[in-house]
Amino acid sequence: MTKTTKGAIALAFATTLLSTPALSATDLSSKHVILVTCGPSNPWCKVYNERIVGLLKDATVKVTVLENDLDPVQVNQQMAQAVSQKPDLVMVEPADDKSLIGAVKKAKAEGVPVLYMDSPADAAIMDDIAFQVVADNYSLGKYAGENIIEGLKAQGRTEANVISITGSAGTAMVSDRQRGFMDAMAKEPAFKVVEVVSNNWDPVESGRQAQQLFAKYAAQGGIQAVRADADYMAIPVLEAARQAGMTLGGKDGLIVSGSTCSPEGIAAIRAGDMIGTVTADPWTQGGASAEAAIKFLSGETMEKTIMVPEFRVTAANVEEYAEVCEK
């Protein structure tokens with residue numbers, strides 16, 4: 001990728017990501033794309049899918065959507081169904097990277113190109129995918145860590161117990177985010193990450209896990225901060241904290257950072273309940289994926305990896321990112 005200064009990237013973010021990507025000058029009405037993706041019960045996925053489908057249809061591409069509950073078995077079944085139809089491109093949102101190796105190799109053998117999205121493809125299939133559009137997942141975790149450290153320091157804390165609630169453990173995106181988070185937290189060793197738990201991007205389970213950990217550590221100094229892998233996973237953590245009699249933010253309340261920014265996350269930051277979030281919002285990620293697909297279908301040569309830049313969001317700059325995060 002071409003190296004760009006952070007300021008230039010931020011300017012590009014502010015000026016272009018809210019606009020509709022330019023449609024292809026090539027007639028794509030004969031092209032067929034199958035989108036294998038998570039379903040609308042997941043709030044991030046709902047906006048993401050709508051963005052992708054809308055832009056592809058605007059470019060006159062025929063789109064078939066196969067939705068799942070981020071179940072690896074279901075994703076593999078849908079991949080087999082998609083490949084059997086011999087579309088011009090399969091776009092897949094993975095539930096588990098390792099489990100998709102066979103399906104992607106099968107697609108390559110059948111001459112069906114695959115666009116892998118969000119989570120970096122396993123090294124075993126990098127030669128088999130057509131290309132990938134991924135979030136800068138390491139930075140997502142790193143920025144969440146920086147949010148938490150800033151919040152704890154502002155409270156004057158010299159030590160703290162921190163927990164991390166992540167999405168599906170089987171994807172590289174989750175491990176990359178957690179690695180970025182741990183690298184950030186390692187710079188402040190007195191702020192200890194005492195628990196890391198995962199779930200299938202489930203907001204209800206996130207709240208339950210937080211509730212259990214608040215109780216577990218109540219006699220061990222308590223929990224002072226939480227990182228959640230998505231804003232919609234962070235909001236139930238806030239509610240669990242309230243139910244446990246904890247305060248949020250401020251001088252001595254629980255510090256919570258979300259990620260993949262959302263309307264609810266922006267509202268929580270404005271209210272002072274959440275210290276911050278990070279981008280990788282579905283509108284931007286979906287737009288980047290759709291635009292890349294359109295270019296590929298138009299015959300353009302694509303880079304193997306297209307990484308979408310991500311940005312830290314706090315109370316200090318929330319209004320700069322609010323419009324795109326509230327899509």
Side-chain angles (χ1 to χ4, degrees), residues 17-21 33-59 61-72 74-75 77-79 81-82 89-96 115-119 133-135 137 140 165-168 171 173-174 177 198-207 228-239 258-269 274 277-294 308 310 313 321-327:
L17 290 183
L18 287 173
S19 62
T20 300
V33 168
I34 298 182
L35 175 63
V36 178
T37 184
C38 42
S41 61
N42 180 301
W44 190 93
C45 296
K46 182 178 185 297
V47 176
Y48 180 70
N49 296 345
E50 289 173 352
R51 178 69 162 154
I52 291 173
V53 171
L55 291 175
L56 290 176
K57 287 186 174 180
D58 285 346
V61 177
K62 178 186 176 183
V63 186
T64 300
V65 181
L66 302 178
E67 295 175 338
N68 56 71
D69 296 321
L70 289 170
D71 177 346
Q74 192 178 13
V75 174
Q77 292 171 341
Q78 292 176 338
M79 281 292 291
Q81 179 184 345
L89 181 66
V90 172
M91 302 173 69
V92 60
E93 180 77 13
D96 180 281
L115 165 51
Y116 209 87
M117 300 184 295
D118 278 350
S119 184
V133 178
V134 299
N137 289 294
L140 292 178
I165 301 177
T166 80
S168 303
T171 56
M173 77 169 100
V174 168
R177 291 180 189 185
S198 63
N199 62 63
N200 196 31
W201 303 100
D202 185 334
V204 174
E205 181 66 7
S206 299
D229 235 341
D231 278 8
Y232 63 81
M233 295 166 69
I235 300 303
V237 171
L238 302 179
E239 183 56 33
S259 190
T260 63
C261 63
S262 70
E264 295 78 12
I266 295 299
I269 294 170
M274 248 168 63
T277 185
V278 197
T279 54
D281 63 281
W283 181 264
T284 300
Q285 295 297 136
S289 297
E291 184 172 18
I294 291 167
V308 181
E310 309 301 349
V313 183
Y321 297 99
E323 186 175 358
V324 69
C325 291
E326 291 177 323
K327 290 289 187 182

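This one's a predicted model, so the numbers in the text were calculated from it and none came from an experiment. Only heavy atoms go into these numbers, but all of them, side chains included; no hydrogens, no water, no symmetry mates.
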Reported SG-to-CG distance for the pair C45 and L70, which is rounded to 0.5 angstrom: 5.5 Å

Rounded to the nearest 0.5 Å, what separates atom CD1 in I235 from atom CE in M274? 5.5 Å

Does a side-chain heavy-atom distance below 4.5 Å link E310 with Q285? yes

Roughly how far, to the nearest 0.5 Å, is the OH atom of Y48 from the OG1 atom of T37? 6.0 Å

Is any side-chain heavy atom of V313 closer than 4.5 Å to a side-chain heavy atom of I269? yes

Chi angles and distances behind the side chain to side chain contact (heavy atoms under 4.5 Å, CB included) call for Y232, S206: CA-CA 9 Å; Y232 63 81; S206 299; over 6 Å; no

Identify the two heavy atoms, one from G258 and one from T277, that lie closest to each other, and give their separation to 0.1 Å. C-OG1, 3.4 Å

Spacing of CE belonging to M91 relative to CD1 belonging to I34, to within rounding of 0.5 Å: 12.0 Å

Spell out, as yes or no, whether a donor-acceptor pair under 3.5 Å connects the side chain of N200 to the backbone of D71. no

Starting at CG of D229, measure out to CG of L140 and round the result to the nearest 0.5 Å. 8.5 Å

Give the minimum heavy-atom separation between C38 and N49, together with the two atoms involved. O-ND2, 2.8 Å

side-chain contact (heavy atoms from CB on, under 4.5 Å) filter on S262, not counting sequence neighbours, yields D231, E264

Could you tell me if the side chain of V174 sits less than 4.5 Å from the side chain of W201, heavy atoms only? yes

Sole candidate of V92, I52, V36, V134 that passes side chain to side chain contact (heavy atoms under 4.5 Å, CB included) when paired with M117: I52

In chain order, what residues pass the salt bridge (charged side-chain N to carboxylate O under 4.0 Å, His left out) check against K46, with sequence neighbours excluded? E50

Let me see the working for Q74 and D69 under side chain to side chain contact (heavy atoms under 4.5 Å, CB included), right down to the final yes or no. CA-CA 8 Å; Q74 192 178 13; D69 296 321; 4.1 Å; yes

Within a strict 4.5 Å, meaning less than it, do heavy atoms of the R51 and P282 side chains meet? no

Considering all heavy atoms of both residues, which atom of A59 and which atom of I294 are nearest to each other, and what is their separation? CB-CD1, 3.8 Å

Can you tell me how far apart CG (D281) and OG (S259) are? Round to the nearest 0.5 Å. 10.5 Å

Consider side-chain hydrogen bond (donor to acceptor under 3.5 Å, both in side chains). Of T171, N137, T260, T166, which one does R177 pass it with? N137

Closest heavy-atom contact between P94 and S119? CG-CB, 3.8 Å

Closest heavy-atom pair and its distance - S198, G167: CB-O, 3.5 Å

